[in-house]
**Student:** 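Mind having a look at this structure? Questions to follow.
Side-chain atoms are counted along with the backbone in the values below, which use heavy atoms only and exclude waters and symmetry mates. Throughout, numbering of the chain's residues begins at 1 and tracks the sequence.
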Amino acid sequence: ITAELQASNLRLEGLIQSVEGIVWERDVQTWQFTFVSGQAERILGYPARKWMEDSNFWLEHIHPDDRIWALAHRKSAEADGKDLSCEYRMLAADGRTVWLRDLVSTTSEDGSALRGLLVDVTRPHRAEDALHNRERCLEMAEAGGALGIWEYNLHTGESGFNGEWRRMFGFPNDSGRVSRDDCFARIHADDRGRVDLSTEVAIARDGRFDSQLRVVSPDGSMHWLSGKGHLLSDLSGVPAHFLGMVMDVTDRRRSEAAL
């Protein structure tokens, strides 16, 4: 019987560790984890023993903006004795922000323990964020009417622009593909270094591009543009492409210079 029990426990352990998520159990009185599966280290980078050694580990590693309602969610499951589900962010050991879906259930008749499963849902959230950013950019362009939209793929080097952007940079709508080099050739020589630096800062730091630049059209006329962009990541979290807009601010710059 002992051998059969040991074999059954091993099969159960193997099944738990194969689940694509963090299986957990905690005491509702002490809020101490009594079990955390090995997937915790794969998903968040922290070994399971850290979760069980520190009763505050889970709460301290939730994104600050999500802590209050994530805690309320767990407390609600404890009080009502009902299965609940919610999503919140946790901070991984390498600094990443990971979206998790928390599926919680009461495991004992006296309500002394909670058991749950944390599932990584970061990829769907990133896809939704990228779609939202693109839609917001297009909505602003439609509302403003005079906004140039641009997109640049960091991996392939391919660029995309709307008709207003082409007009601002002096490219006919039927000019076909416009490369990054083509674009930079239209930027005033004194401004190219600043635009390059703004791009590098966006990639290395906060993912936001913000710069003013002068564009010289083929007919020799020059005008000022204000460019803003946001660096978007692919579904694996790797920076993939910029999406942004430009607005002609020539009149404003001339007014400021006249003061």
**Student:** Considering non-hydrogen atoms only, spot the tightest contact between Ser159 and Val178 and give its length.
**Tutor:** CB-O, 3.6 Å
**Student:** Can you see whether Arg194 engages Gln212 through a side-chain donor-acceptor pair at a distance of less than 3.5 angstrom?
**Tutor:** no
**Student:** For Gly45 and Ala93, which heavy atoms make the closest approach, and how far apart are they?
**Tutor:** O-CB, 3.8 Å
**Student:** Between Arg192 and Phe184 (side chain of the first, backbone of the second, donor and acceptor by atom type, cut-off under 3.5 Å), is there such a pair?
**Tutor:** yes
**Student:** Which heavy-atom pair separates Leu118 from Tyr88 by the least distance, and what is that distance?
**Tutor:** CD2-OH, 3.3 Å
**Student:** Taking the six-membered ring for Trp, are Phe57 and Trp51 closer than 6.0 Å centroid to centroid?
**Tutor:** yes
**Student:** Taking all atoms of both residues into account, what is the closest heavy-atom pair of Met168 and Asp248, and its distance?
**Tutor:** CE-N, 3.9 Å
**Student:** Is it true that Asp182 and Ser179 share a donor-acceptor pair across their side chains at a distance under 3.5 Å?
**Tutor:** yes
**Student:** Between Arg166 and Phe171, is NZ or CZ placed under 6.0 angstrom from the six-membered ring centre and within 45° of the ring axis?
**Tutor:** no
**Student:** Please confirm whether the backbone N or O of Phe169 pairs with a side-chain atom of Arg186, one donor and one acceptor, at under 3.5 Å?
**Tutor:** yes
**Student:** Apply ring-ring contact (aromatic ring centres under 6.0 Å, His included) to residues Phe242 and His230 and explain how you reach the verdict.
**Tutor:** CA-CA 6 Å; Phe242 275 106; His230 189 74; 8.6 Å; no
**Student:** Answer yes when Glu164 and Arg167 have at least one side-chain N-carboxylate O distance shorter than 4.0 Å, and no when they do not.
**Tutor:** yes
**Student:** Do other residues, nucleotides or ligands put more than 12 heavy atoms under 6.0 Å from the CZ atom of Arg101?
**Tutor:** no
**Student:** Evaluate the criterion side-chain contact (heavy atoms from CB on, under 4.5 Å) for residue pair Ile62 and Arg89; output intermediate values, then yes/no.
**Tutor:** CA-CA 6 Å; Ile62 294 175; Arg89 293 163 291 179; over 6 Å; no
